[in-house]
Amino acid sequence: MVIDSFAGSGTTGAVAHKMGRRWIMVELGEHCHTHIIPRLKKVIDGEDPGGITEAVGWKGGGGFRYYRLAPSLLEKDKWGNYVINKEFNAAMLAEALCKLEGFTYAPSDAVYWQHGHSTERDFIYVTTQNLGHEQLQALSDEVGTERSLLVLCSAFRGKADRYPNLTLKKIPNAVLKRCEWGKDDYSLQVENLPKAPPEPGQQALFDDGDGK
Ligand SMILES: C[S@@+](CC[C@H](N)C(=O)[O-])C[C@H]1O[C@@H](n2cnc3c(N)ncnc32)[C@H](O)[C@@H]1O
């Protein structure tokens with residue numbers, strides 16, 4: 001796996017691709033559209049003859065996915081409080097919060113409070129509104145006893161545990177809780193990875209006699 005987080009014209013990825021390696025590139029500027037994507041398309045089509053093409057016998061093939069990073073979900077207002085970034089529209093916000101809360105983003109055309117689900121009966125509703133008791137009671141009645149709903153809103157009035165089928169969270173807090181503040185070590189912990197069970201009939205490489 002090759003990563004180039006300063007992709008520029010995309011040479012690293014082009015070479016890695018021709019060598020049959022998986023790659024990730026990151027680029028801050030417009031090079032993605034002006035250079036990298038057109039270049040990689042040529043590589044895939046076998047129309048990028050330079051570099052190692054001949055040495056590795058590259059004829060084309062493969063593919064790639066392209067993602068544009070969203071802006072930061074929160075920003076600070078003039079008093080230093082976190083608020084939702086104005087660049088986020090309702091759909092972006094619902095999708096981002098589904099991701100953060102572990103829900104599948106699947107907005108319903110028919111039911112306004114179903115923006116996603118975690119199971120068949122557990123849903124998520126994202127709104128920038130300040131929800132009062134009447135709105136929450138109406139939601140709770142609609143959700144009923146057979147389903148549950150996580151409500152992410154800007155604010156709510158009353159007690160969070162008043163409605164047994166609703167879980168209420170405030171958006172800046174819910175997002176901030178998912179952030180890892182002050183963490184500077186993202187190294188992969190490899191010591192305690194679970195062991196893959198041996199294939200039937202497979203002898204362990206360093207069998208010490210007790211089958212472990
Ligand atoms: C000299 S080019 C890299 C060449 C490239 N590694 C190659 O193999 O051809 C540097 C690139 O890094 C990009 N860059 C600079 N800061 C960045 C950042 N923080 N995140 C992503 N890309 C960045 C610049 O836009 C520029 O295109």
Side-chain angles (χ1 to χ4, degrees), residues 1-107 115-116 118 124 126 128 152 154 169-193:
M1 174 76 83
V2 176
I3 181 161
D4 185 355
S5 53
F6 303 91
S9 58
T11 303
T12 309
V15 175
H17 197 94
K18 290 175 191 173
M19 292 176 77
R21 293 192 180 212
R22 303 187 71 201
W23 51 267
I24 298 173
M25 291 195 281
V26 185
E27 175 52 54
L28 187 74
E30 275 306 301
H31 313 57
C32 235
H33 307 105
T34 57
H35 292 75
I36 304 176
I37 292 175
R39 172 115 189 249
L40 265 300
K41 281 184 177 165
K42 281 190 180 163
V43 171
I44 284 160
D45 293 343
E47 291 166 3
D48 186 66
I52 61 162
T53 299
E54 213 171 301
V56 298
W58 178 252
K59 299 272 186 287
F64 63 91
R65 286 184 216 144
Y66 160 68
Y67 300 94
R68 182 187 279 272
L69 281 185
S72 181
L73 206 158
L74 299 180
E75 60 183 358
K76 283 192 171 172
D77 66 11
K78 58 181 171 180
W79 294 284
N81 298 320
Y82 279 109
V83 290
I84 299 161
N85 188 334
K86 283 180 283 300
E87 287 182 57
F88 272 71
N89 61 31
M92 281 166 77
L93 185 65
E95 188 168 2
L97 284 162
C98 282
K99 179 98 186 149
L100 279 176
E101 295 289 336
F103 283 66
T104 303
Y105 177 62
H115 287 151
S118 69
I124 184 171
V126 180
T128 52
L152 285 142
S154 294
K169 290 188 186 178
K170 292 181 190 167
I171 293 178
N173 295 355
V175 175
L176 291 168
K177 280 204 180 122
R178 300 280 177 193
C179 297
E180 290 180 317
W181 303 107
K183 181 170 175 175
D184 59 5
D185 179 8
Y186 289 94
S187 43
L188 180 65
Q189 298 295 319
V190 290
E191 302 99 47
N192 297 320
L193 289 181

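The structure presented is a predicted model; accordingly, all values stated were derived computationally and were not measured. Indexing begins at 1, ligand by ligand and atom by atom, following the structure's order.
For atom 8 (O) of ligand 1, the nearest protein heavy atom (residue, atom name, distance) is T12 OG1, 2.8 Å. For atom 27 (O) of ligand 1, the nearest protein heavy atom (residue, atom name, distance) is E27 OE1, 3.0 Å. Among protein heavy atoms, the minimum distance from atom 12 (O) of ligand 1 is reached at F6 CB, 3.2 Å. Atom 22 (N) of ligand 1 has as its closest protein heavy atom L28 N, 3.2 Å.
Shown in contact with S5 at under 4.0 Å from a heavy atom are these atoms of ligand 1, numbered in order with element: 20 (N), 21 (C), 22 (N). Using a 4.0 Å cut-off to heavy atoms of D4, the atoms of ligand 1 that qualify are 5 (C), 6 (N), 7 (C), 8 (O). Every atom of ligand 1 with a heavy atom of T11 under 4.0 Å away is listed here by number and element: 9 (O).
Atom 3 (C) of ligand 1 lies below 4.0 Å from at least one non-hydrogen atom of the protein.
Remark: ligand 1 and G10 share no N or O pair separated by less than 3.5 Å (distance only, no angle test).
Among pairs with a residue in residues 25-61, those fulfilling ring pair (Phe, Tyr, Trp, His ring centres under 6.0 Å) read H17-W58, H33-Y66, at least two apart in sequence or across chains.
By the 6.0 Å and 45° rule, K99 does not stack over the aromatic ring of Y105.
A donor-acceptor contact under 3.5 angstrom links the side chains of T53 and K18, judged on distance only.
Every residue meeting the salt bridge (Lys or Arg N to Asp or Glu O under 4.0 Å) condition with R178, not counting sequence neighbours, appears here in chain and number order: E101.
Once rounded to the nearest 0.5 Å, the distance linking CG of L74 with CG of N85 reads 8.0 Å.
Classification of E47 and K41 as a salt-bridged pair fails, no side-chain N sitting under 4.0 Å from a carboxylate O.
Between R39 and I36 the shortest side-chain heavy-atom distance does not fall below 4.5 Å.
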